[in-house]
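Okay, so here's the structure we're looking at.
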Amino acid sequence: MLSGLLAELSGLVLPVACAGCGVSDRPWCGRCAAWLGPPVRCEQRAGRLDRLDGVDPPPVWCVTDFAGPVRRAVTAWKDRGRTDLGPRFAAALSAAAGDASVRQVLGRSAGPDGLLVVGVPTTPAAARRRGGDLVQGLVRAVVRGSDGCAVPLRAAQPLCRTTGADSARLGARARARHLDAAVRVRRRWVGAPWTDRLVGARVVLVDDVLTTGATFAACRRALVDAGAVVVAGLVLASTPAPGSGGRRRTAHPNGVEVEGPGPAGIA
């Protein structure tokens with residue numbers, strides 16, 4: 001009751017609107033929240049994940065498509081100060097990590113020391129602009145969601161990004177070239193004490209959005225070069241493949257229609 005009263009009072013002082021559809025007095029309405037569905041595999045959508053070496057990319061799961069209300073909400077969270085959406089997105093990814101199908105794959109892929117959960121790093125400039133590294137919140141959510149899993153998962157930050165252009169503003173080929181040079185393993189993780197060493201470690205990569213797969217591939221390459229094995233990935237959203245037919249129109253409680261892919265698992 002108290003939290004509801006506080007929300008109403010804050011809405012009078014600072015009017016809020018749903019980050020997905022714009023309906024008033026709700027920061028994230030139930031209709032838009034329903035787009036965050038159960039995890040589905042999405043690695044085949046991202047062509048840059050394939051290293052063309054005859055080895056299939058690791059399985060990657062997303063909880064929704066990066067389109068429609070979700071695209072608007074994620075953009076607001078990352079670049080427009082809507083930090084109130086962070087816990088909601090984290091909860092969705094935590095639930096995905098606890099899904100039985102995901103747990104089964106992670107259990108088969110774990111090493112003797114379990115799994116490292118590694119976030120895709122952001123540039124220092126982006127972290128300053130956003131008030132921190134938002135992906136690390138998703139990493140912690142994945143670890144929380146794995147509570148009760150047969151294998152231990154622990155968060156780690158072995159990767160970093162050098163200062164440079166934000167890859168989101170680059171084309172696919174330029175992004176791949178840029179990221180190969182920009183993503184690296186932190187110095188202390190190379191030849192560090194055995195508790196931190198990457199040699200032989202089994203890694204789950206976590207990111208907010210999977211688009212071309214160039215960022216994921218660069219992180220995977222850096223980790224593999226350090227001796228680790230990337231066994232899986234978990235992302236909040238992924239860009240639908242061109243011509244996938246995943247888009248649809250749904251009536252919204254605020255009286256407008258919202259175009260997009262619908263909840264994951266429906267698209």
With rounding to the nearest 0.5 Å, note down the distance linking [atom1] in [X] to [atom2] in [Y].
X      : Y      : atom1 : atom2 : result
Thr122 : Lys78  : OG1   : NZ    : 7.5 Å
Leu198 : Leu116 : CG    : CG    : 7.0 Å
Thr239 : Leu210 : OG1   : CG    : 7.0 Å
Leu223 : Trp189 : CG    : CH2   : 9.5 Å
Ser146 : Leu115 : OG    : CG    : 8.5 Å
Asp208 : Leu138 : CG    : CG    : 6.5 Å

Check: Is the count of non-hydrogen atoms from other residues, nucleotides or ligands lying under 6.0 Å from Arg88 atom CZ greater than 12?
Finding: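 Atom CZ in Arg88 is packed in, count exceeds 12.
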Quick check: closest heavy atoms across [X] and [Y], and the distance to 0.1 Å?
X      : Y      : value
Ala226 : Val199 : O-CG2, 3.6 Å
Ala19  : Leu85  : CB-CD1, 3.5 Å
Val60  : Leu234 : CG1-N, 4.5 Å
Pro57  : Glu43  : CG-CG, 4.4 Å
Trp61  : Ala232 : CZ3-CB, 3.9 Å
Thr211 : Val209 : CG2-CG1, 3.8 Å

Note to self: Are Val120 and Leu205 packed together at the side-chain level, in the sense that at least one heavy-atom pair is separated by less than 4.5 angstrom?
What the structure shows: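 Yes, close enough: below the 4.5 Å cut-off.
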Note to self: Taking side-chain contact (heavy atoms from CB on, under 4.5 Å) as the criterion, tell me which of Cys32, Ser24, Pro27 meets it with Cys18.
What the structure shows: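 Of all the options given, the one that passes is Cys32.
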Notebook entry, point to check: Does Thr75 have any side-chain hydrogen bond (donor to acceptor under 3.5 Å, both in side chains) partners at least two apart in sequence or in another chain, and if so, which?
Noted result: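 If we apply the side-chain hydrogen bond (donor to acceptor under 3.5 Å, both in side chains) test to Thr75, skipping adjacent residues, there are no hits.
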Check: Would you find a donor on one side and an acceptor on the other, under 3.5 Å apart, between the side chain of Ser109 and the backbone of Val105?
Finding: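 Pair found, side chain donor or acceptor close to backbone of Val105.
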Note to self: Looking at Arg184 and Thr162, would you say the former's side chain and the latter's main chain have a donor-acceptor pair under 3.5 Å?
What the structure shows: no
Check: With sequence neighbours excluded, what pairs up with Asp84 under the salt bridge (Lys or Arg N to Asp or Glu O under 4.0 Å) test?
Finding: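 Listed in chain order: Arg82.
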Next item on the list: Go through the structure and list residues passing ring pair (Phe, Tyr, Trp, His ring centres under 6.0 Å) with Trp28, not counting sequence neighbours.
Entry: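 Applying ring pair (Phe, Tyr, Trp, His ring centres under 6.0 Å) to Trp28 gives Phe89.
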Margin query: Looking at Asp133 and Arg161, is any side-chain nitrogen of the basic one under 4.0 Å from a carboxylate oxygen of the acidic one?
Written below: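 Salt bridge between Arg161 and Asp133, a charged N being under 4.0 Å from a carboxylate O: no.
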